[in-house]
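Each remark here refers to the structure printed beneath this line.
Hydrogens, waters and symmetry mates play no part in the numbers below; they use all other heavy atoms, side chains included. Sequence positions, counted from 1, serve as the residue numbers for this chain.
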Amino acid sequence: MKSPHRCHLRGMTLVETVVTLIVVSLVASFTMNLVRDLPYRSAHHKLLGDVRELNHSVKVYQAFFGTLDSARTAEDVIEHLKDAAASESARGIADLTGSIIDRRLVPVMITPEESITSMPRAVWSRSQKQFEIVKEGFSGIKRFELEGDVASASLDTGAGTTRGSELSTASNWIWEYTDQRAAGRNDPTIVPISSAAPEIEVSAVSRDAELLKRPEFSVPGGSYSIDDYGLELTISDPNVAGVSKIHYSVNLQPWEVYTGPITVQPSSHIRAYAQSLHPDWRNSGPRTQIYNAIPVLLRSPGIDLSAEKLDYNENQKVRITIDNPNEDLVSNVEYRINEGSWTPYTGPFSLSTFEYYLEGARIGARVIGTEDWYVRSEEVSSIVDRPDPWFEISGDASGSIITPAANYKSAGSLSFKGTGFLEVAPGERFKIGTLDFSNREVGIERDSESVDFSINLVFDGTVNREFHYTLAVIETPNSAGSEQGNADYVRLEKLLSDTAIPIRGERYHLVLEFGETTEKGYSSPAEFHVYEGAAAEGSLYARLELAD
């Protein structure tokens, strides 16, 4: 007889077994991924915390120390925060009993290999003025560390309410968040990222402690003439004697204990606050004064001349002295002659008759500042007149082309016509005639290289002198180029005559040069060009130059 109660036992089917294995596999895979990602997630959360604290530090820096406009990278910002966290600075910022940032802080950058992944990294946003977390880019900070003995460091600043931030004793990460309050302290500490012992030990501040009055400045901030600097500034303490002392900082440098008057230079930021020495008083707020300079227009120099005119007797040299009415330490004098380049003035100098007998000289002078606060003076000038001419001559010029018959086929191809001149002074350019040049195909043989040129000058109807020059004749090979490129020309081999002539006790050379031409020609001082197949006239000028 069978029992009425039977157990129906059976094994798992194949489908159930497969489904079970898949579920177990998925759970195991998820668990492994979760465990594997824990370091990554932990690092990400640490970086988020670090960035949050740093951004708070940035706000403190901007409130107490100025802008971060010059910072271009995260590293730049960290260095600014470190500068603000110098030991002296960390001790005395009003209402800030902790330092801005630990000076041991070092950023660890992502590697090139990591930069191409989606690893979170901290970067500085110049537009938002804060650190941000991004997951792409070729640079960034993957974590922050402290140099030195991290395990022994502590963020207990001994100041009011802390943010519960302290160094991790288990790793080299900077912040751990404990959300604790320091027992018996009520005053807030702003972002105490690094430790800084109080400058003076005082007992715990009372809950009812009064705020100290801010220091007073003997000279208020503002703009003053640069001549008033350096200003002597006295900082006084308006509080009850013995309960405080004054600290000051110049241009965001470390705080110093005030002991007496300080000298203020232009563009200075002076900050001062009263530090409490008694538990019934709290540090005052800071007082900031900015001192700017009003630029000063430098006074124009004075020019003294030993004579107002050059001559050939007593005043063959005129001595120039320039006086600077401004202080030598802040200004220098420059001068120039006849609109030339400016030259530093180092002492008196002289002008010679034989250098400036044609035009005389205009001496310009000005004063320039050695610092940006001093504005360049107006230019002043004095004139040294040219001397009266040593002589003024008049006369006539004539000349001829001496042509070697064997080499020159067309006598009419090159000729000179002289002209008269009136009241010519030494060094003055005057016209002595024109040169007529016909550029024909059969004018000058190719083997003809030069012709002789003779000029006769008659001065005042009595002095007759002959000067000899050589004209090189250049036949340019014709090509498909421009008219100017195909032009033949003559060239004065020497502009200065070989001989000198005596006139009224001095010896002078005759100097020739070409001038303007008619339509089919062009010239330079030494050359006269005529287009192929054309004829043109070129003016010939001379001047008398004093011989050495």
Salt bridge R386-E308, side-chain N to carboxylate O under 4.0 Å: no
What residues, two or more places apart in sequence or in another chain, satisfy salt bridge (Lys or Arg N to Asp or Glu O under 4.0 Å) together with K59? none
Check ion pair E339-R362 (N to O, under 4.0 angstrom): yes
I78 side chain reached by F131 side chain, heavy atoms, under 4.5 Å: yes
Can I get a per-line list of side-chain donor-acceptor pairs under 3.5 Å for residues 290-302, giving both atom names and the distance, sequence neighbours left out?
residue	atom	partner	partner atom	Å
Y291	OH	V219	O	2.5
R299	NH2	P325	O	2.7
S300	OG	E378	O	3.0

More than 12 heavy atoms of other residues, nucleotides or ligands under 6.0 Å from CD of E359: is that the case? no
Are any of the side-chain heavy atoms of T434 and F416 separated by less than 4.5 Å? no
Of V473, I474, T470, which is the lone residue that meets side-chain contact (heavy atoms from CB on, under 4.5 Å) with R491? I474
Between R319 and S350, is any side-chain donor less than 3.5 angstrom from a side-chain acceptor? no
With heavy-atom distances below 4.5 Å as the criterion, would you say the side chains of K135 and M119 are in contact? no
Just checking, is any N or O donor in the side chain of Y531 or E519 under 3.5 Å from an acceptor N or O on the other one? no
Using 4.0 Å as the upper bound for N to carboxylate O, is an ion pair formed by R366 and E379? no
Side-chain contact test, heavy atoms from C-beta onward, threshold under 4.5 Å: evaluate it for L540 versus F514 and give yes or no. yes
In this structure, are over 12 heavy atoms from other groups packed under 6.0 Å from Q265 atom CD? yes
Distance only, no hydrogens: is a donor on one side chain within 3.5 Å (strictly under) of an acceptor on the other, for T353 and N315? no
For Y229, check ring-ring contact (aromatic ring centres under 6.0 Å, His included) against everything at least two apart and list the hits. none
Does a side-chain N-to-carboxylate-O contact under 4.0 Å join E513 and R429? yes
Between Q130 and S125: side-chain donor-acceptor atoms closer than 3.5 Å: no
Validation row: K129, W124 side chains within 4.5 angstrom (heavy atoms): yes
Is the backbone N or O of V264 less than 3.5 Å from a side-chain atom of S268, with the two atoms forming a donor-acceptor pair by type? no
Tell me which one of L495, L510, L496 satisfies side-chain contact (heavy atoms from CB on, under 4.5 Å) with Y469. L510
